[in-house]
Novice: 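My structure is below; once you've seen it, I'll send some questions.
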Amino acid sequence: MIKICTGIGQPLSGKLLIYNALTNGQITLSVSQIPENKKVQNLDATNFVCNSPSNGLEVSIEEFLQDEDYWKEKIIDLRSKGEFHQFNRGGRNLPLQKLAIQFKELEKGREILLVCQSGQRSQKAMEFLMDNGYKNVKHLKGGLQGLEDN
């Protein structure tokens, strides 16, 4: 894409460039074209979704602040112990690295609110728990960084 936009060099249409940073070498492989792929005329932003839809699985910062006492007892904080002690809103500290080992300690029927700094770890942990049979799991959208000012 950069070559096309800048007009420098030739595009690698039908080729795959493999670069080895350890040896500073490269290999170019030829690949056959798939005729069906030629039907794509343009790519617009609606074809790409960076974040999955919430489907009611996210708690916004506003929702959390409106009923903070309710959520405090449901919090599982996925940040490191250091992050947790520096700033937290209560709940249990269970670092993400330990979740895969200790998740069975969590009650499956209990409502759980997963939190982390930015919301990325909590979203991944939510998907992990749901894949392991936990149904009543939500995560704090945007993470605790949005709460630090409140």
Side-chain angles (χ1 to χ4, degrees), residues 1-64 71 74-108 111-150:
M1 187 68 169
I2 294 172
K3 288 182 177 186
I4 294 171
C5 291
T6 61
I8 300 172
Q10 295 295 316
L12 292 171
S13 296
K15 297 177 185 167
L16 175 65
L17 177 67
I18 301 172
Y19 175 71
N20 184 336
L22 294 174
T23 63
N24 196 26
Q26 65 186 31
I27 300 170
T28 304
L29 303 174
S30 294
V31 293
S32 59
Q33 296 180 0
I34 301 172
E36 294 85 41
N37 289 348
K38 290 187 175 189
K39 294 177 185 174
V40 176
Q41 297 296 318
N42 63 4
L43 298 174
D44 58 26
T46 59
N47 293 331
F48 299 98
V49 178
C50 295
N51 294 320
S52 60
S54 71
N55 296 329
L57 301 175
E58 295 177 333
V59 173
S60 70
I61 290 172
E62 293 78 20
E63 290 174 280
F64 179 84
W71 290 113
K74 297 165 180 21
I75 292 175
I76 302 294
D77 193 321
L78 300 162
R79 300 172 302 151
S80 69
K81 285 186 180 186
E83 288 175 296
F84 181 77
H85 290 299
Q86 187 176 15
F87 171 79
N88 70 74
R89 291 288 181 128
R92 175 181 173 188
N93 181 227
L94 178 58
L96 183 62
Q97 298 84 345
K98 295 182 180 181
L99 182 66
I101 298 167
Q102 296 180 324
F103 76 94
K104 292 181 181 178
E105 297 172 9
L106 304 173
E107 294 176 45
K108 282 194 176 184
E111 189 172 20
I112 297 171
L113 176 64
L114 299 168
V115 300
C116 66
Q117 189 63 26
S118 68
Q120 292 181 352
R121 288 179 275 188
S122 61
Q123 186 169 2
K124 289 178 183 176
M126 179 183 68
E127 292 166 2
F128 171 79
L129 288 175
M130 292 179 85
D131 288 345
N132 282 281
Y134 289 78
K135 305 277 187 234
N136 207 0
V137 183
K138 297 182 179 194
H139 84 103
L140 183 63
K141 183 178 181 180
L144 292 172
Q145 66 188 7
L147 292 173
E148 289 179 341
D149 298 330
N150 294 303

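Values in this document were obtained by computation on a predicted structure and should not be read as measured data.
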Novice: If we only count heavy atoms from C-beta on, is the Phe64 to Val115 side-chain gap below 4.5 Å?
Specialist: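 Result no, sub-4.5 Å side-chain heavy-atom pair not found.
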Novice: Once ring pair (Phe, Tyr, Trp, His ring centres under 6.0 Å) is applied, what residue pairs with a partner in residues 16-36 remain, sequence neighbours excluded?
Specialist: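 Of all non-adjacent pairs touching residues 16-36, none passes ring pair (Phe, Tyr, Trp, His ring centres under 6.0 Å).
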Novice: For Glu107, is the CD atom crowded, meaning more than 12 foreign heavy atoms sit under 6.0 Å from it?
Specialist: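 Atom CD in Glu107 is not packed in, count stays at 12 or less.
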Novice: Would you find more than 12 non-hydrogen atoms of other residues, nucleotides or ligands less than 6.0 Å from Leu17 atom CG?
Specialist: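 Yes, the 6.0 Å shell around CG holds more than 12 heavy atoms from other groups.
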Novice: So which heavy atom on Ala125 is nearest to which on Leu114, and how close?
Specialist: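 Smallest heavy-atom distance, with atoms named: C-CD1, 3.8 Å.
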Novice: Measure the spacing between CD of Glu63 and CG of Leu140 and express it to the nearest 0.5 Å.
Specialist: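 Reported value, rounded in 0.5 Å steps: 9.5 Å.
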Novice: Which value, rounded to the nearest 0.5 Å, describes the distance between Lys135 atom NZ and Met130 atom CE?
Specialist: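 Answer for the NZ-CE pair, Lys135 versus Met130, is 7.5 Å.
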Novice: Between Lys108 and Asn132 (side chain of the first, backbone of the second, donor and acceptor by atom type, cut-off under 3.5 Å), is there such a pair?
Specialist: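 Such a contact is found between Lys108 side chain and Asn132 backbone.
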Novice: Report yes or no: does Tyr134 contribute a side-chain atom to a donor-acceptor pair with the main-chain N or O of Ile112 at less than 3.5 Å?
Specialist: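 Not at all, since once roles are kept as given, no pair shorter than 3.5 Å links the two residues.
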Novice: Do Leu96 and Lys124 come close enough that some side-chain heavy atom pair is under 4.5 Å?
Specialist: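 No, side chains not in contact.
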Novice: Mind checking whether Arg121 and Arg79 have side chains closer than 4.5 Å, heavy atoms only?
Specialist: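 SC-SC contact between Arg121 and Arg79 confirmed.
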Novice: Any side-chain heavy-atom pair from Glu111 and Trp71 closer than 4.5 angstrom?
Specialist: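 Side chain of Glu111 against side chain of Trp71, heavy atoms only: contact under 4.5 Å found.
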Novice: Atom CG of Leu57 and atom CD of Glu127: how far apart are they, to the nearest 0.5 Å?
Specialist: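 Between Leu57 CG and Glu127 CD, I get 9.5 Å after rounding to 0.5 Å.
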Novice: Would you say the side-chain atoms of Arg89 pair up with the backbone N or O of Leu144, donor to acceptor, closer than 3.5 Å?
Specialist: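 The answer is no, because no donor-acceptor pair under 3.5 Å joins these two groups.
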Novice: Give a yes or no on this: more than 12 heavy atoms of other residues, nucleotides or ligands lie within 6.0 Å of atom NZ of Lys141.
Specialist: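 It does not: Lys141 NZ has 12 such atoms or fewer within range.
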Novice: Just verifying a value: how many Å separate Ile76 CD1 and Glu105 CD, rounded to the nearest 0.5 Å?
Specialist: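 One gets 10.0 Å once the value is rounded to the nearest 0.5 Å.
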Novice: Quick check: do Lys138 and Glu58 have side-chain heavy atoms less than 4.5 Å from each other?
Specialist: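 Of all side-chain heavy-atom pairs linking Glu58 with Lys138, none is under 4.5 Å.
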Novice: If you compare all heavy atoms of Gln120 against all heavy atoms of Cys116, which two are closest, and at what distance to 0.1 Å?
Specialist: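 Smallest interatomic distance, heavy atoms only, reads N-SG, 3.7 Å.
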Novice: Within this structure, what is the CG-CE distance for the pair Leu113 and Met126, rounded to the nearest 0.5 Å?
Specialist: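 Rounded to the nearest 0.5 Å, the CG-CE separation comes to 10.5 Å.
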Novice: My understanding is that only residues two or more places apart in sequence, or in another chain, count here; which of them pass side chain to side chain contact (heavy atoms under 4.5 Å, CB included) with Ser80?
Specialist: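 By the side chain to side chain contact (heavy atoms under 4.5 Å, CB included) rule, Ser80 matches Glu83.
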Novice: Please give me the minimum heavy-atom distance between Gly90 and Ile75, naming the atom from each residue.
Specialist: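 Nearest pair, atom of Gly90 first, then Ile75: O-CG2, 3.6 Å.
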Novice: Atom CZ in Arg92, atom CG in Leu78: separation rounded to 0.5 Å?
Specialist: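 One gets 10.5 Å once the value is rounded to the nearest 0.5 Å.
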